[in-house]
Peer 1: 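What follows is a single structure, and I will ask about it in a moment.
Each chain gets a letter, A, B and so on, in the order its sequence line appears, and its residues count up from 1.
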Amino acid sequence: MKQLNQLYETTPYRLLAKTITRHIPGVEEKLVEYLVAEIPRRYGGDYGIPIMRLLRGVQDREEKINAIINDLKQSPVIRDAVYTRGYLNIDINEAELAKTLFNTVKAVGEEFGPPKTAKPERIVVEHTSANPTHPLHIGHARNMCLGDTLARMLRKRGHIVQTRFYINDMGRQVAVLVYGYMKASTKPPENTKPDHWLGLVYAITHTLIDLQEAKKKLKQARTHEEYQEAVNEIDKLMAALAKLRSKDPQLFDKLAEAIQQDPDPEKTISRIMQEYEYRLNPDTVKAFREVVELCLQGFRETMKRVDALPEEWDWESDLAWTSMVEKVIKEALRTPYITYKEGALALDLQKLLRDKPYLYEKLGIPRNLEIPPLVLRRSDGTTLYPTRDIAYTIKKFQAFNADKVINVIAAEQRLEQIQVRLALAAIGREKEAANTIHYAYEMVTIPGRSMSGRRGEYITLDEVIEAAIARARQEVDKRYPELTEEERQAIAEGVGIGAVRYSLVSVSATKPLTFNIDEAVNFERNTAPYIQYTYARAYNILRKHNAPIPWEEIDYTAAGERQDRRTLLLLAANYPYIYAKAADELKPEILVAYINKLADKFNKWYPTDHVIREQDPGKKAFKLALVYTIKTILENTLRTLGIPALKRL
RNA sequence: GGGCCCGUAGCUCAGCCAGGAUAGAGCGCCGGCCUCCUAAGCCGGUGGUCCGGGGUUCAAAUCCCCGCGGGCCCGCCA
């Protein structure tokens with residue numbers, strides 16, 4: 001796609017970067033690109049850059065500036081370049097830019113987007129990876145949408161990408177659920193989504209066990225304070241249990257009775273964990289797999305619905321059962337960093353950093369972060385989550401022959417992720433360590449609600465989606481009473497799910513996100529429906545035109561006739577650059593901000609500059625080409641965000 | 001106690017990494033616009049001690065230091 005590259009190099013960012021770095025040695029192209037900004041209206045011109053900043057300490061500034069200006073003017077898309085008050089400003093020749101843009105769009109059609117990267121990589125994106133003990137909730141949804149969108153962006157940029165889901169089936173949490181499942185000795189009811197039902201089993205079981213523990217503490221209380229604390233705890237648990245019972249009294253009572261008869265549930269749970277890790281008891285293994293598989297059924301249904309289904313599913317237990325985890329431990333034993341923490345095998349990562357301080361830089365580890373030793377194996381010989389995670393990281397590299405692994409994982413796991421990378425470096429896998437990226441995102445909170453999986457308190461993604469669709473459905477019913485039930489529902493689904501996805505990737509991952517369902521389904525500007533709506537408008541102009549775009553008839557002087565038309569054109573031409581930047585920097589929010597602005601400019605232009613009614617064939621051809629370009633950008637961006645592009649809404 | 005992240009309009013957020021022109025959007029609120037390609041739209045108005053205090057600089061929302069507020073992490077949990 002030569003044309004995409006050419007258009008990319010014609011954007012103001014690249015033009016200024018290339019030209020300026022030619023004249024000022026030692027200045028990086030990227031730095032110049034970052035500095036390019038749109039000029040505030042009142043100053044005139046299109047793009048500018050604070051050039052004086054780059055000329056610090058340079059001799060003959062005036063000469064340099066003049067040379068740069070002369071050079072810039074050689075480009076046909078630059079009409080003028082001037083120096084004012086510390087800034088170098090350029091004015092775009094919109095007709096020439098339009099030629100480059102339309103020639104590109106004409107040539108590449110639906111493929112319009114970023115140019116393919118010069119350095120394609122094989123990249124694994126691991127995302128969602130929720131514990132299979134309850135349904136996916138809104139926090140997992142942020143993970144899922146980020147991961148899925150990153151994968152789509154990277155693919156479009158020319159990388160070879162695979163998505164993976166890590167099935168965390170060896171944790172204590174799953175054992176608690178399996179314990180409860182065996183005690184309940186029933187299957188999920190037909191009319192319930194299995195993950196929802198299992199979430200309830202898990203919450204009831206967990207809370208009942210916590211109650212037993214709290215009662216033990218009460219008996220053992222020595223001081224008044226201990227006694228009071230235990231009483232308070234029991235009160236809270238009783239309240240939680242009452243709520244849980246109301247959801248399914250029959251199931252609750254059955255579990256309560258069965259668990260009461262177990263003198264030591266904790267011990268039983270530890271036992272079944274061992275039975276699973278070492279495959280000691282076929283019935284236990286079967287129960288684990290059955291429960292997890294049921295939960296995954298629910299996950300898949302939800303993920304498919306939001307169009308974010310991962311390609312590969314990796315069982316944590318498979319890692320333990322094959323020799324992969326053992327191999328990691330063996331490799332660790334051969335290093336000088338092995339240590340024992342109260343008898344348990346561990347890695348002294350602080351020592352590693354003392355030996356190889358360059359790892360701070362190489363792995364991006366904060367200098368004054370204290371890294372506790374990483375325990376690899378419990379005293380009883382069983383492995384721990386980080387140990388298996390080390391093996392899993394290696395597996396991700398090997399299974400896909402990957403250059404890079406991106407883990408979309410909550411920011412609260414930052415230390416664990418650093419430990420895993422350091423452990424990889426410790427066992428001689430520095431390359432993998434350096435190419436493992438923790439894509440950290442902050443928590444999602446819902447105003448006025450606290451979330452707790454083990455108490456069964458969470459807002460499921462399924463509920464959120466349903467609410468969004470229901471809200472969209474009201475609107476669709478109002479607008480399109482003539483459509484069939486199926487048609488209206490299909491539109492509502494696309495709008496509702498799109499709204500949820502959009503709201504979850506539009507905020508930078510480092511920010512805690514307050515998810516306000518009313519706002520997510522408030523379908524106005526700066527939402528997915530706004531973009532979808534804009535797409536439908538553009539699409540319908542072309543549908544009405546009902547003929548190929550008359551590329552050969554375009555009158556390029558039409559580009560500069562109107563300010564709003566010109567603004568829209570300039571913005572559209574930046575698409576390949578912005579998309580590439582968003583993909584390279586792993587920042588979907590950049591793309592979201594762009595597409596929102598583009599939709600904005602389009603909607604401002606749309607009502608005042610009619611396309612179909614345009615009498616002049618050359619001008620009409622220009623407008624049609626512009627609409628086709630915008631339509632394509634909207635379509636491709638929506639696809640990247642996993643949001644359906646609807647032809648009508 | 002130590003570390004990481006966040007703090008910008010009533011609310012939700014861009015901008016901070018890569019310092020530069022009078023700090024931008026959306027929601028909300030007030031007022032307008034459908035014989036015309038979709039009004040989930042458009043136009044106008046309203047709204048800011050950029051958490052506080054110092055420092056660096058010709059120039060600080062942006063960099064540095066000291067605080068304040070919120071979240072998270074520092075397990076033989078995952």
Peer 1: Using a strict cut-off of less than 4.0 Å between a Lys/Arg side-chain nitrogen and an Asp/Glu carboxylate oxygen, indicate whether A:R164 and A:E126 qualify as a salt bridge.
Peer 2: no
Peer 1: With a non-hydrogen cut-off below 4.0 angstrom, is A:T527 in contact with a base, only sugar-phosphate, or nothing?
Peer 2: nothing
Peer 1: Atom CD1 of A:I590 and atom C1' of B:C16: how far apart are they, to the nearest Å?
Peer 2: 13 Å
Peer 1: Is B:C34 syn or is it anti, if syn means the base angle is within 90 degrees of 0?
Peer 2: syn
Peer 1: Contact class for A:N368 vs. all strands (heavy atom < 4.0 Å): base, sugar-phosphate, or nothing?
Peer 2: sugar-phosphate
Peer 1: Could you check how far OH of A:Y87 sits from P of B:G20, rounded to whole Å?
Peer 2: 7 Å
Peer 1: Looking at every strand, decide which applies to A:V375 at a 4.0 Å heavy-atom threshold: base, sugar-phosphate, or nothing.
Peer 2: sugar-phosphate
Peer 1: Does the ring centre of A:Y166 sit less than 6.0 Å away from the ring centre of A:Y392?
Peer 2: yes
Peer 1: My understanding is that a pair needs two contacts under 3.5 Å, Watson-Crick or G-U wobble. By that rule, which nucleotide pairs with B:C72?
Peer 2: B:G3
Peer 1: What nitrogen or oxygen pairs link the protein and nucleotides 57-68 of chain B at under 3.5 Å?
Peer 2:
none

Peer 1: With both distances under 3.5 Å as the test, what is the Watson-Crick or G-U wobble partner of B:U62?
Peer 2: none
Peer 1: Is the phosphate of B:C77, meaning OP1 or OP2, less than 4.0 Å from a side-chain N or O of A:R378?
Peer 2: yes
Peer 1: In whole Å, what separates the C1' atom of B:A78 from that of B:C74?
Peer 2: 15 Å
Peer 1: When all nucleic acid strands are considered with a 4.0 Å heavy-atom cut-off, which category describes A:Y480: base, sugar-phosphate, or nothing?
Peer 2: base
Peer 1: Could you work out, with ring-ring contact (aromatic ring centres under 6.0 Å, His included) as the rule, every residue matching A:H137, not counting sequence neighbours?
Peer 2: A:H140
Peer 1: Give me the distance, rounded to whole Å, that separates B:A59 from B:U22 when you measure between the P atoms they each carry.
Peer 2: 15 Å
Peer 1: Tell me which nucleotide, if any, is Watson-Crick or G-U wobble paired with B:G31 when both distances must be under 3.5 Å.
Peer 2: B:C43
Peer 1: What is the distance from CG of A:N526 to P of B:C27, rounded to the nearest Å?
Peer 2: 8 Å
Peer 1: May I ask you to say what A:E524 touches in the nucleic acid, namely base, sugar-phosphate or nothing, with a heavy-atom cut-off under 4.0 Å?
Peer 2: sugar-phosphate
Peer 1: Taking the C1' atom of each, how far is B:G31 from B:C36, in whole Å?
Peer 2: 24 Å
Peer 1: Using a cut-off of 4.0 Å on non-hydrogen atoms, how would the nucleic acid contact of A:L369 be classed: base, sugar-phosphate, or nothing?
Peer 2: sugar-phosphate
Peer 1: Is B:A78 paired to anything, Watson-Crick or G-U wobble with both distances less than 3.5 Å, and if yes, which nucleotide?
Peer 2: none
Peer 1: At under 4.0 Å, does any side-chain N or O of A:T514 touch on OP1 or OP2 of B:G71?
Peer 2: no
Peer 1: Check whether any side-chain nitrogen or oxygen of A:K511 sits under 4.0 Å from OP1 or OP2 of B:A14, and answer yes or no.
Peer 2: yes
Peer 1: Remember a base hit wins even if backbone is also touched, and classify A:E29 as base, sugar-phosphate or nothing at under 4.0 Å, heavy atoms.
Peer 2: nothing
Peer 1: Taking any heavy-atom pair under 4.0 Å as a contact, classify A:L649: base, sugar-phosphate, or nothing.
Peer 2: base
Peer 1: Quick one: label A:A536 by what it contacts on the DNA or RNA (base, sugar-phosphate, nothing), any heavy atom closer than 4.0 Å.
Peer 2: base
Peer 1: Let me know which of A:N574, A:T11, A:N89 forms a side-chain hydrogen bond (donor to acceptor under 3.5 Å, both in side chains) with A:Y47.
Peer 2: A:N574
Peer 1: Salt-bridged, A:D616 to A:K620, with N to O below 4.0 Å?
Peer 2: no
Peer 1: Take A:L88 and A:I20 through the side chain to side chain contact (heavy atoms under 4.5 Å, CB included) test and state the conclusion after the steps.
Peer 2: CA-CA 10 Å; A:L88 176 60; A:I20 289 172; 4.3 Å; yes
Peer 1: Less than 4.0 angstrom between a side-chain N/O of A:K604 and OP1 or OP2 of B:C43, yes or no?
Peer 2: yes
Peer 1: State whether A:D609 and A:R565 are salt-bridged, where the test is any N-O pair (Lys NZ or Arg NE/NH1/NH2 against Asp/Glu carboxylate O) under 4.0 Å.
Peer 2: yes
Peer 1: Does the gap between the ring centers of A:Y458 and A:H134 come in under 6.0 Å?
Peer 2: yes
Peer 1: When the P atoms of B:G3 and B:G44 are considered, how many whole Å apart are they?
Peer 2: 50 Å
Peer 1: Between B:G7 and B:A14, how far is it from one C1' atom to the other, in whole Å?
Peer 2: 15 Å
Peer 1: Determine the Euclidean distance between corresponding C1' atoms of B:C6 and B:C51; express it in Å to zero decimal places.
Peer 2: 11 Å
Peer 1: Would you please test A:Y530 and A:N603 for side chain to side chain contact (heavy atoms under 4.5 Å, CB included) and show each step?
Peer 2: CA-CA 10 Å; A:Y530 180 67; A:N603 281 320; 3.2 Å; yes
Peer 1: Looking across every strand, which nucleic acid part, if any, lies under 4.0 Å from A:A344 by heavy atom: base, sugar-phosphate, or nothing?
Peer 2: base
Peer 1: Could you say whether the aromatic ring of A:H610 and the base of B:C37 stack, counting only centre distances under 5.5 Å and plane angles under 30°?
Peer 2: yes
Peer 1: Please state how far atom CG in A:N522 lies from atom P in B:C27, giving the value in whole angstrom units.
Peer 2: 7 Å
Peer 1: In plain terms, say whether A:K587 and A:E589 are close enough for a salt bridge, that is, a side-chain N and a carboxylate O under 4.0 Å apart.
Peer 2: no
Peer 1: Just to confirm, is there a sub-4.0 Å distance from OP1 or OP2 of B:C42 to any side-chain nitrogen or oxygen of A:Y530?
Peer 2: yes
Peer 1: Please measure how far the P atom in B:A21 lies from the corresponding atom in B:U35, and state the result in whole Å.
Peer 2: 45 Å
Peer 1: Quick one: label A:N89 by what it contacts on the DNA or RNA (base, sugar-phosphate, nothing), any heavy atom closer than 4.0 Å.
Peer 2: base
Peer 1: Write down the distance separating the C1' atoms in B:C34 and B:G71, rounded off to the nearest Å.
Peer 2: 48 Å
Peer 1: Provide the Watson-Crick or G-U wobble partner of B:U12, both distances under 3.5 Å; none if there is no partner.
Peer 2: B:A25
Peer 1: Which part of the nucleic acid, if any, lies within reach of A:D169 when heavy atoms closer than 4.0 Å are counted: base, sugar-phosphate only, or nothing?
Peer 2: nothing
Peer 1: What does A:L345 touch in the nucleic acid at a heavy-atom separation under 4.0 angstrom: a base, only the sugar-phosphate, or nothing?
Peer 2: nothing
Peer 1: Classify the nucleic acid contact of A:V476 as base, sugar-phosphate or nothing, counting any heavy atom under 4.0 Å across all strands shown.
Peer 2: base
